[in-house]
Number of protein chains: 2
Amino acid sequence: MIEEPKGQAMQLDGRLSRMMHLLIHMDRANGPITSGEAAEMLHTNPVVIRRTMAGLRDVGFVRSIKGHAGGWTLLKPLESISMLDVYKAVGQPRIFAIGLADPAPDCLVEQAVNASMTSALEKAEALLIAQLGEVTLAAIAKDFDRRFSASCANSP
Amino acid sequence: MIEEPKGQAMQLDGRLSRMMHLLIHMDRANGPITSGEAAEMLHTNPVVIRRTMAGLRDVGFVRSIKGHAGGWTLLKPLESISMLDVYKAVGQPRIFAIGLADPAPDCLVEQAVNASMTSALEKAEALLIAQLGEVTLAAIAKDFDRRFSASCANSP
DNA sequence: TTCATATGTAATGTCTGAAGTTACATATAT
DNA sequence: ATATATGTAACTTCAGACATTACATATGAA
């Protein structure tokens with residue numbers, strides 16, 4: 001049997017999923033969480049945390065405090081933050097990996113192809129955005145609680 | 001409202017749109033189209049054409065003939081080829097540029113985040129696949145005919 | 001003040017996959 | 001034979017997220 005390398009898959013933009021993860025941890029924390037602590041939680045680097053959290057700070061979801069006893073604090077309740085809010089806060093990353101070869105071609109055939117492709121992609125994007133808007137971080141946190149209870153049920 | 005930066009063409013996978021474009025041209029052509037001719041149509045390289053068309057040949061949509069008077073020929077009517085068929089033929093490229101930071105995390109919080117993300121992405125993907133399945137290349141070719149007539153109406 | 005601690009950010013390196021390119025082997029009409 | 005075409009391997013290029021290094025700046029405590 002051939003061993004699959006599979007250390008990490010492809011180069012996906014994980015900012016949305018990472019920030020959701022972190023915000024829920026921050027809601028659970030007592031005091032501020034430092035970039036170093038957050039980096040450990042997300043298995044990444046403190047600078048990556050600061051860089052990505054900057055967007056969340058800009059829209060007022062979190063606050064950062066420098067120096068001793070500093071770190072990051074959640075400012076808004078999870079009920080008020082949807083997945084879509086986080087998506088926007090991290091800069092609305094490009095959604096699709098597939099797309100048009102040329103967005104403004106001279107060829108009328110390619111224009112017709114682009115029209116069909118764009119129509120399909122836009123519908124899928126609209127549904128995704130709608131889905132992201134329907135789920136709050138509080139709902140995800142609640143799902144976590146359910147999973148946590150279930151995992152504890154298996155321990156004496 | 002957040003203004004999207006929305007720059008130029010990034011690193012998108014254009015194989016689906018390119019092959020659709022080319023197949024419609026092949027349907028319009030009298031004889032075989034060479035990789036060189038196709039490359040000019042798509043503003044790319046003959047090797048890229050051969051590489052990508054190989055998938056379409058494997059599923060029987062086209063045939064390639066070597067040597068003098070060789071090239072690529074369409075084997076099936078555009079009515080019988082959907083966008084989804086082409087998508088599959090080019091290897092079902094990855095659809096999304098966003099995704100999970102870690103597909104199999106230990107952290108239960110991240111597992112809950114992943115569940116929500118996956119749910120949203122899967123619904124959007126299902127809709128996209130459905131859209132691709134509903135449109136044949138013949139329908140796109142017909143749309144081209146409309147555009148062509150419209151463009152001729154502006155000429156004496 | 002002095003110093004350990006944290007964030008802010010620029011600069012640089014790493015990684016991945018489509019696309020582009022070069023080179024050459026192979027097949028086929030004339 | 002030769003010109004023409006495909007088939008592939010083996011590169012290079014490119015873009016963007018992520019990782020890392022380095023240093024400036026701010027802050028609380030001894």
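Convention: sequence-line order gives letters A, B, ...; per-chain numbering from 1. For the numbers below, each heavy atom of this structure counts, side chains included, while hydrogens, waters and symmetry mates do not.
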Query - Leu137(B) CG to Asp27(B) CG distance, which is reported to the nearest 0.5 Å - result: 9.0 Å
Query raised in the report: Any idea which heavy atoms bring Glu110(A) and Pro105(A) closest together, and the distance?
Result: OE1-CB, 3.3 Å
Query raised in the report: Ile95(B) has an atom CD1; how far is it from atom P of dA18(C), in whole Å?
Result: 14 Å
Report task. Check the distance between dC3(C)'s C1' and His68(A)'s NE2 and give it to me in whole angstrom. Result -> 8 Å
Query - Separation of dG17(C) P from Phe96(B) CZ (nearest whole Å) - result: 18 Å
Query raised in the report: Any idea which heavy atoms bring Ser35(B) and Trp72(B) closest together, and the distance?
Result: OG-NE1, 3.0 Å
Report task. Round to the nearest Å and state the distance from Ile98(B) atom CD1 to dT16(C) atom C1'. Result -> 18 Å
Report task. Would you indicate, yes or no, if dG7(D) has its OP1 or OP2 atom less than 4.0 angstrom from a side-chain nitrogen or oxygen of Ser64(B)? Result -> yes
Query raised in the report: Under 3.5 Å, is there a donor-acceptor pair between the side chain of Ser119(A) and the main chain of Ala115(A)?
Result: no
Requested in this report: Could you check Ala54(A) against Ala69(A) and say which one's nearest nucleotide on DNA chain C is further toward the 5' end?
Outcome: Ala69(A)
**Report entry** Contact under 4.0 Å: Thr34(B) side-chain N or O vs dA5(D) OP1/OP2
**Finding:** no
Report summary line: By nearest-heavy-atom nucleotide on DNA chain D, the more 5' of Lys66(A) and Arg50(A) is Arg50(A)
Query raised in the report: Do any side-chain nitrogens or oxygens of Arg94(A) fall under 4.0 Å of OP1 or OP2 in dA17(D)?
Result: no
Report task. Send over the distance from Ile49(B) CD1 to dT4(D) P, rounded to a whole Å. Result -> 20 Å
Report summary line: 5'-most contact on DNA chain D (nearest-nucleotide basis), Gly67(A) vs Asp13(A), goes to Asp13(A)
Report summary line: Here the distance between atom P of dT6(D) and atom CE of Met53(B), to the nearest Å, is 10 Å
Requested in this report: Answer yes or no: does a side-chain N or O of Arg51(A) lie under 4.0 Å from OP1 or OP2 of dT9(C)?
Outcome: no
Query raised in the report: Within the structure shown, what part of the strands sits under 4.0 Å from Arg63(A) by heavy-atom distance: base, sugar-phosphate, or nothing?
Result: nothing
Query raised in the report: Backbone N or O of Ala89(A) within a donor-acceptor pair of the Asp58(A) side chain at under 3.5 Å?
Result: no
Requested in this report: Note the angle between the end axes of the helix from dT1(C)-dA30(D) to dT30(C)-dA1(D), five pairs defining each, rounded to 10 degrees.
Outcome: 10°
Requested in this report: Answer with base, sugar-phosphate or nothing: what part of the nucleic acid does Arg57(B) contact at a heavy-atom distance below 4.0 Å?
Outcome: sugar-phosphate
Report summary line: Here the distance between atom C1' of dG17(C) and atom CG of Leu12(B), to the nearest Å, is 13 Å
Query raised in the report: Can Asp143(B) and Arg146(B) be counted as an ion pair, charged N to O under 4.0 angstrom?
Result: yes
Query raised in the report: Do you know which two heavy atoms are closest between Asp13(A) and Arg15(A), and how far apart they sit?
Result: OD2-NH2, 2.7 Å
Query raised in the report: Within less than 4.0 Å of OP1 or OP2 of dT7(C), is there a side-chain N or O belonging to Ser35(A)?
Result: yes
Query raised in the report: What is the nucleic acid contact for Asn45(A), judged by heavy atoms within less than 4.0 Å: base, sugar-phosphate only, or nothing?
Result: base
Query raised in the report: Taking all atoms of both residues into account, what is the closest heavy-atom pair of Phe61(A) and Val86(A), and its distance?
Result: CE1-N, 4.5 Å
Query raised in the report: Between dA19(C) atom P and Gln11(B) atom CD, what is the distance in whole Å?
Result: 8 Å
